[in-house]
Amino acid sequence: MPELPEVQTVVDTLRPRVVGRRITKVHLGRHDILTPSDVDLEQVLTGRTIRDVSRRGKRILFLLDNAERFYIHLGMTGHLSVESRSAALAPHTHLQLHLEARGAPELRFVDPRRFGGIWWLGNSDDEDDDLGPEPLRLRPAQLRRLLSKTKRPIKSALLDQTVVAGLGNIYADESLFAAGIHPLTPTNLLKQDQVSRLSRAIKTTLRRALRHRGSTLRNYRDANGDTGNFQKLHRVYGREGEPCRKCRSPVQKIVLGGRSTHFCPSCQSR
DNA sequence: GTCCATGTTCTTTA
DNA sequence: CTAAAGAACATGGA
């Protein structure tokens, strides 16, 4: 469900409802959703106040008042919400954090497919050692350097979180369309001006998606339970056979690295 | 029953 | 050795 625009929207809707609130009770529904799995989450979280919520790549970082931290990754179907403790519990609710506030709210983490999870960091500061730069702060020279190392198709490189952190299947396809680059283009064959265009295209695509609060394809909701609207503005993703919004040629869908990949064969020639 | 899905990681193949 | 392809994870909707 979540790529950078969706994760950022979750963070933005979560922050005003949890920052400054004390955690009074913790319920972890299942242990295999937590890494490391032997952390006593109830012990480390109960009584702490949430000082901040932020995003790094697709990770949602929680900072506590004692400077310890953890992050939640939504995987494909993860969902965070703040609601009343008396509200019906959705199936596959894996974590509940009671918050000290009017209306007796709790933070809930639901994830049917369990590709997401909770990572306890404690005081360590290596939460993003394995992630590439933030795409919204990417400089073209930096992207050129990251891409020069490999021959694989550019679409696959964009999905690699160690190259750029936050793009997923939707925004990789949309960014390549915006840059006019064919998804199968070997990364090391991209010209300098193509990489510059791609760098700009990634930013404009993500900013547009952020303005529209992300894409809801199936079940994505922000922390308030609201859907995104950007799916209506997708130019290629999910539009196989439909006319390209620029040139009217039918949008093509191929499988690349096991992921569906959408592009306009005429606007994104090889 | 089949296929597909916004993600990541491990294994197999070339 | 490396890179790319494929499978796996688990669930639900079309």
Side-chain angles (χ1 to χ4, degrees), chain A residues 1-11 29-35 37 55-60 71-80 90-94 109-119 127-132 135 146-177 183-189 202 205-206 208-210 212-222 226-241 253-262:
Chain A
M1 117 170 143
E3 303 181 31
L4 186 149
E6 293 78 34
V7 176
Q8 185 64 55
T9 304
V10 169
V11 167
R30 51 188 304 154
H31 253 268
D32 61 358
I33 206 80
L34 175 66
T35 308
S37 57
R55 180 192 59 76
R56 173 71 174 100
K58 299 174 189 170
R59 300 172 180 174
I60 300 171
Y71 70 83
I72 288 180
H73 194 298
L74 299 176
M76 202 89 101
T77 54
H79 178 224
L80 282 170
H92 310 290
T93 299
H94 305 310
F109 174 50
V110 178
D111 185 10
R113 285 173 77 178
R114 272 181 277 140
F115 290 173
I118 306 153
W119 279 260
E127 85 279 1
D128 64 354
D129 279 2
D130 49 348
L131 295 182
L146 287 160
L147 295 181
S148 61
K149 292 186 236 172
T150 161
K151 292 176 159 69
R152 65 187 155 163
I154 183 59
K155 163 76 185 281
S156 305
L158 291 181
L159 291 180
D160 183 341
Q161 302 297 298
T162 68
V163 173
V164 170
L167 291 182
N169 212 28
I170 297 174
Y171 300 107
D173 282 2
E174 292 295 319
S175 297
L176 286 170
F177 176 83
L184 287 173
T185 311
T187 298
N188 61 336
L189 294 188
I202 289 170
T205 300
L206 292 176
R208 287 180 66 231
L210 280 163
H212 295 275
R213 310 181 65 77
S215 306
T216 294
L217 298 187
R218 192 162 260 161
N219 44 28
Y220 163 72
R221 296 282 188 284
D222 66 25
D226 294 328
T227 64
N229 294 300
F230 190 64
Q231 66 283 357
K232 297 171 196 157
L233 300 177
H234 290 173
R235 291 165 170 171
V236 285
Y237 189 89
R239 300 192 63 245
E240 183 186 17
K253 176 173 150 183
I254 58 173
V255 174
L256 200 172
R259 315 300 303 278
S260 62
T261 296
H262 312 73

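Here is how names work: the chains are called A, B, and so on, in the same order as the sequence lines, proteins then strands, and each is numbered from 1.
- Atom-to-atom, CG of A/D111 to P of B/dT8 comes out at 12 Å; the value is rounded to the nearest Å.
- A donor-acceptor contact closer than 3.5 angstrom links the side chains of A/K155 and A/T261.
- Taking atom NZ on A/K151 and atom P on B/dA14, their separation rounds to 20 Å, with Å as the unit.
- Judged by distance alone, the side chain of A/T35 and the main-chain N or O of A/S37 form no donor-acceptor pair under 3.5 Å.
- With a cut-off of 3.5 Å on both pairing distances, the Watson-Crick and G-U wobble pairs of DNA chain C assemble into stems of 3 or more at B:2-5 with C:11-14, B:7-14 with C:2-9.
- Rounded to whole Å, the separation between the C1' atoms of C/dG12 and B/dT9 comes to 23 Å.
- Between A/Q161 and B/dT8 there is a side-chain N or O to OP1 or OP2 distance below 4.0 Å.
- Counting to the nearest Å, the P atom of B/dA5 and the CD atom of A/E6 are 16 Å from each other.
- If you check the side chains of A/Y220 and A/E3, you find no donor sitting under 3.5 Å from an acceptor.
- Contact between the side-chain N/O atoms of A/K253 and the OP1/OP2 oxygens of B/dA5 is found at a separation under 4.0 Å.
- Note on A/G168: only backbone sugar-phosphate atoms sit closer than 4.0 angstrom, heavy atoms only; bases stay farther off.
- The pair A/D173-A/R239 fails the salt-bridge criterion, with no side-chain N (NZ, NE, NH1 or NH2) lying under 4.0 Å from an Asp/Glu carboxylate O.
- Ring geometry, A/Y237 versus A/H262: the interplanar angle falls from 30° to 60°, so the pair is classed tilted.
- A/S260 comes within contact range of the sugar-phosphate backbone alone, with a heavy-atom separation under 4.0 Å but no base atom that close.
- A/W119 and A/Y71 have parallel rings, their planes meeting at less than 30° on a 0 to 90° scale where 60° marks the start of perpendicular.
- Each of A/L159, A/L158, A/D160, A/T205 was compared with A/L167 under the side-chain contact (heavy atoms from CB on, under 4.5 Å) criterion, and only A/L158 meets it.
- For the P atoms, the distance linking B/dC4 with C/dG6 amounts to 14 Å, nearest Å.
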For this session: Using a 4.0 Å cut-off on protein heavy atoms (strictly under), produce a 5'-to-3' string for nucleotides 9-14 of chain C with B for base contact, S for backbone-only sugar-phosphate contact, and - for none.
Result: BBBS--
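- Looking only at distances, a side-chain donor or acceptor of A/D111 sits under 3.5 Å from a matching main-chain atom of A/G116.
- Residue A/I72 contributes atom CD1, which lies 16 Å from atom C1' of B/dG7 at whole-angstrom precision.
- Atom CG of A/L256 and atom P of B/dG7 are 14 Å apart (whole Å).
- To the nearest angstrom, C1' of B/dG7 lies 12 Å from NZ of A/K155.
- Using a 4.0 Å heavy-atom criterion, one finds that A/Y237 contacts the sugar-phosphate atoms exclusively.
- Separating the CG atom of A/D130 from the P atom of B/dT8 is a distance of 10 Å, rounded to the nearest angstrom.
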For this session: Run the numbers on A/Y171 and A/L206 for side chain to side chain contact (heavy atoms under 4.5 Å, CB included), then give the verdict.
Result: CA-CA 7 Å; A/Y171 300 107; A/L206 292 176; 4.0 Å; yes
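- On the P atoms, B/dT2 is 16 Å away from C/dA7, given to the nearest whole Å.
- Within a 6.0 Å radius of CZ in A/R213, no more than 12 heavy atoms belonging to other residues, nucleotides or ligands are found.
- The CZ-P distance, from A/R259 to C/dA4, rounds to 17 Å in whole Å.
- The shortest distance between the side-chain N/O atoms of A/K58 and the OP1/OP2 oxygens of B/dG7 is below 4.0 Å.
- Distances shown here put every side-chain N or O of A/H73 at or beyond 4.0 Å from the OP1 or OP2 atom of B/dG7.
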